[in-house]
Novice: 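The structure follows.
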Amino acid sequence: MTDTMAPVRPGKLIINGQAVDAASGKTFTTYNPATEEPLCAVAEASAEDVDRAVQAARAAFESGPWPKLKASERQRLLWRLAELIEKNADEIARLETLDNGKPIFESRQIDLPMVVNTFQYFAGWVTKLAGETLPVSPAFFTYTLREPIGVVGAIIPWNFPMIMVGWKVAPALAAGNTVVLKPAELTPLSALRIGELAIEAGLPPGVFNVVSGKGSVAGEAMVRHPGIDKISFTGSTEVGRHIMKTAADTMKKLTLELGGKSPNIVFADADLDAAIRGATTGIFYGKGEVCAAGSRLLVDSSIYDEFVARLVERAKKMAPADPLDPKTRLGALVSKDQMNKVLGYVDTGRKEGARVVAGGERQAVNGKGWFVQATVLDGVDNRMRVAQEEIFGPVLSVIRFDGVDDAVRQANAIDFGLAAGVWTTNVKQAHAVARRIRAGTVWINTYNFYDPGMPFGGYKQSGFGRDLGPDSLRDVTQVKSVWVSTE
Ligand code: NAI
Ligand code: MG
């Protein structure tokens, strides 16, 4: 773990095309979850810094070069940023792993390419966003303009920090908005680095600002700021609800991507080898700190015992290990609080009558770190708290069902609706169940797949609005109707 000792530069805010200290001079410390040691000091934005960033973003939106650029020029700048992220891939991936605790395999091989692809995908859209000419009457020439909303405030979580920068910033900039982004206080480093690269790429000052700081201070200031037109948030349902109420005062537009407790349904006719792999990556990828994690595994009664036995065998082999080791597949949870919350849920499960059949404990690596074992709770009832609440850790709740109607009923008996998995070799059943599940994403015979071209977002209390895909562009634009009298 000696690599951890390589210095990490202190983080500065990115405001108006410059890396700056907070106005107050205040900083906070970000930690490495695998060693419990401080990584570096990071500038801590106050309401004053948020205001500076919003002023810069407003000026860039209203009078800077940004709104006057040709679409092809904006496209070139986004593509250039993608190239710079790729060029600095090793450094950014390492920062992410040090800051978040996730395996370097995930940061470098999955997350980093996703960020690059996201900027490239939306760079492609810049020259293709168009209004329509609508035939209303010979007395008028009537058309629509698809225009940016203005200044977009992006508030992102700690589980996929750099991916979230791509998902929120790329579509907003592609559509001609400017952005103020607040990374989570636990994992600010990759967003600040991408903010620096945006300056290097030649984005005009104020187009993309990054304000690291507390949710209750900097985040709150963003949601209240009258100079921000839209908030795009990913995080907990509780904070999402609070943001929705606060945003009402300034009538901000909102995209909210919130929690989940996604059902991963294994029918008796499934390819069981594939389903076992899908159930495992569905919950243990990203340490289970994944909004779309397949955290409720629903298994048909007729294969239940065999399936759980195989799952337990696999989970027991998934020991937590040094996140910087390329072979590691289970890293450290992001913070001590998160670890304690997850272990608390394991206890809750025990008290509710579930059986811990794999893992369930903290397991230090090299004597340190906020690691939790790959955990399987057997005999869970869908009404238990461990079936209904987002645990956000490597803890799988396994629930039994009898037949397709019971599977669908239990899958939908929850307030969330972010994602679902269906494992079956019956094509008709696969498509029929996909329609009956109330969730924003349904994976059939696969799990946890994402692409910049496919929209992602929630049904029910998992939120509304979409990241990625053509649909996300609707959420960062507004439509103007223009009437021209021709008589
Ligand atoms: P959170 O929802 O508090 O944090 C997400 C972002 O919102 C962070 O950037 C935070 O600074 C910001 N924020 C917090 N309070 C705010 C406020 N009043 N106004 C504006 N922004 C604010 O999530 P947290 O506390 O880090 O994690 C708590 C739990 O939330 C986790 O244990 C997990 O269950 C869930 N969670 C779910 C996520 C998801 O993607 N579904 C992501 C992160 C957390
Ligand atoms: Mg950290």
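Only a predicted model underlies this, so the values are computations on that prediction, with no experimental measurement involved. In each ligand, atom 1 is the first atom listed, and ligand 1 is the first ligand listed.
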Novice: Should one rank Ala221, Ala218, Gly215 by closest heavy-atom distance to atom 14 (C) of ligand 1, which comes out on top?
Specialist: Gly215
Novice: Does an N or O from Ile155, backbone or side chain, lie closer than 3.5 Å to an N or O of ligand 1?
Specialist: no
Novice: Please could you name the atoms of ligand 1 that Asn159 approaches to less than 4.0 Å, counting only its heavy atoms?
Specialist: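 Counting atoms of ligand 1 from 1, those under 4.0 Å from Asn159 are 40 (O), 42 (C).
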Novice: Look only at the side chain of Gln338 and the backbone of Phe392, and say whether a donor-acceptor pair between them is shorter than 3.5 Å.
Specialist: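 Judged by distance alone, yes, a pair lies under 3.5 Å.
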Novice: Distance to 0.1 Å, residue and atom name: give those for the protein heavy atom nearest to atom 1 (P) of ligand 1.
Specialist: Ser236 OG, 3.7 Å
Novice: State whether Glu196 and Arg9 are salt-bridged, where the test is any N-O pair (Lys NZ or Arg NE/NH1/NH2 against Asp/Glu carboxylate O) under 4.0 Å.
Specialist: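 Yes, Glu196 and Arg9 are salt-bridged.
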Novice: Apply the test side chain to side chain contact (heavy atoms under 4.5 Å, CB included) to residues Arg52 and Val20: give CA-CA distance (whole Å), side-chain angles for both, the deciding distance (0.1 Å), then the verdict.
Specialist: CA-CA 11 Å; Arg52 277 199 290 165; Val20 296; 4.1 Å; yes
Novice: Would you say Ser46 and Asp49 are linked by a side-chain donor-acceptor pair, where the criterion is simply a distance under 3.5 Å?
Specialist: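 Short answer, yes.
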Novice: For Leu98 and Val8: C-alpha separation, side-chain torsions, deciding distance, then whether side chain to side chain contact (heavy atoms under 4.5 Å, CB included) applies.
Specialist: CA-CA 9 Å; Leu98 291 177; Val8 172; 3.9 Å; yes
Novice: Give a yes or no on whether Met244 atom CE has more than 12 heavy-atom contacts from other residues, nucleotides or ligands under 6.0 Å away.
Specialist: no
Novice: Measure the acute angle between the ring planes of Tyr447 and Trp443, then classify it against the limits of 30° and 60° as parallel, tilted or perpendicular.
Specialist: tilted
Novice: Are the side chain of Glu257 and the backbone N or O of Phe464 linked by a donor-acceptor pair below 3.5 Å?
Specialist: no
Novice: Is Arg94 paired with Glu91 through a side-chain N to carboxylate O contact shorter than 4.0 Å?
Specialist: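 Looking at Glu91 and Arg94, the cut-off is not met.
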Novice: Using 2.8 Å as the threshold, say whether any N, O or S atom from Leu186 sits that close to the Mg ion (ligand 2).
Specialist: yes
Novice: Could you tell me whether Asp229 and Arg58 have a side-chain N and a carboxylate O separated by less than 4.0 Å?
Specialist: yes
Novice: Could you establish whether Phe160 and ligand 1 come within less than 4.0 Å of each other, counting only heavy atoms on the residue side?
Specialist: no
Novice: Under 3.5 Å, N or O to N or O, is Trp158 touching ligand 1 that way?
Specialist: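 Yes, Trp158 has an N/O under 3.5 Å of an N/O on ligand 1.
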Novice: Between Lys214 and Glu220, is there a side-chain N and carboxylate O pair less than 4.0 Å apart?
Specialist: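 Answer for the salt bridge query: no.
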Novice: Who gets closest to atom 31 (C) of ligand 1 by heavy atom: Lys182, Glu390, Lys341, Glu220?
Specialist: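 Nearest option to atom 31 (C) of ligand 1, by heavy atoms: Lys341.
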Novice: Could you please compute the angle at the Mg ion (ligand 2) from O of Tyr31 to O of Asp99, rounded to 10°?
Specialist: 90°
Novice: Counting from 1, what ligand 1 atoms have a heavy atom of His242 closer than 4.0 Å?
Specialist: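 Those qualifying, in numeric order: 18 (N).
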Novice: Does the protein put a heavy atom less than 4.0 Å from atom 34 (O) of ligand 1?
Specialist: yes
Novice: Could you see which bit of Glu257 sits under 4.0 Å from ligand 1, with heavy atoms only: side chain, backbone, both or neither?
Specialist: neither
Novice: Return yes when at least one protein heavy atom is under 4.0 Å from atom 41 (N) of ligand 1, and no when none is.
Specialist: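 Yes, there is one.
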Novice: Applying a 4.0 Å heavy-atom criterion (strictly less than), which segment of Leu258 is in contact with ligand 1: side chain, backbone, both, or neither?
Specialist: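 Looking at Leu258 and ligand 1, just backbone atoms fall under 4.0 Å.
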Novice: Using heavy atoms and a threshold below 4.0 Å, how should the contact between Gln338 and ligand 1 be classified: side chain, backbone, both, or neither?
Specialist: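 Gln338 to ligand 1: side-chain contact only, backbone stays beyond 4.0 Å.
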Novice: Tell me the protein heavy atom at minimum distance from atom 39 (C) of ligand 1, and give that distance in Å.
Specialist: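 Of the protein heavy atoms, Cys291 CB, 3.4 Å lies nearest.
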Novice: Could you check atom 3 (O) of ligand 1 against the protein and tell me its nearest heavy-atom contact, residue, atom and distance included?
Specialist: Val239 CG2, 3.5 Å
Novice: Salt-bridge test for Arg385 and Glu352: reply yes if a basic N is under 4.0 Å from a carboxylate O, no otherwise.
Specialist: no
Novice: Yes or no on side chain to side chain contact (heavy atoms under 4.5 Å, CB included) for Lys12 and Asp21, after CA distance, side-chain angles and deciding distance?
Specialist: CA-CA 6 Å; Lys12 296 213 180 202; Asp21 291 320; 3.4 Å; yes
Novice: Assess whether a salt bridge exists between Lys168 and Asp467, defined as any Lys/Arg side-chain N lying under 4.0 Å from an Asp/Glu carboxylate O.
Specialist: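 Judged by the 4.0 Å cut-off on N to carboxylate O distance, Lys168 and Asp467 do form a salt bridge.
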Novice: Classify the contact between Glu238 and ligand 1 as side chain, backbone, both or neither, using a heavy-atom distance cut-off of under 4.0 Å.
Specialist: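 Looking at Glu238 and ligand 1, no heavy atom falls under 4.0 Å.
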Novice: If we set the cut-off at 4.0 Å for heavy atoms, which region of Ile156 has an atom near ligand 1: side chain, backbone, both, or neither?
Specialist: backbone
Novice: Below 4.0 angstrom from a heavy atom of Gly259, which ligand 1 atoms are there? Numbered from 1 as shown, please.
Specialist: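 Result: 41 (N).
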Novice: Report the nearest protein non-hydrogen atom to atom 38 (C) of ligand 1: residue, atom name, distance rounded to 0.1 Å.
Specialist: Phe392 CZ, 3.3 Å
Novice: Check Glu185 against ligand 1 and report side chain, backbone, both or neither, counting heavy atoms closer than 4.0 Å.
Specialist: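 Side chain only; the backbone of Glu185 stays clear of ligand 1.
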Novice: Within the 4.0 Å heavy-atom shell around Pro157, which atoms of ligand 1 are there?
Specialist: 42 (C), 43 (C)
Novice: Suppose we measure from atom 7 (O) of ligand 1 to each protein heavy atom; which comes out shortest, and what is that distance?
Specialist: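 For this ligand atom, the closest protein heavy atom is Phe233 CE1, 3.2 Å.
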Novice: Indicate yes or no: does Lys102 engage Asp111 in a salt bridge with an N to O separation below 4.0 Å.
Specialist: yes
Novice: For atom 20 (C) of ligand 1, grab the closest protein heavy atom and report residue, atom and distance to one decimal in Å.
Specialist: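 Ranked first by proximity to atom 20 (C) of ligand 1 is Gly219 C, 3.3 Å.
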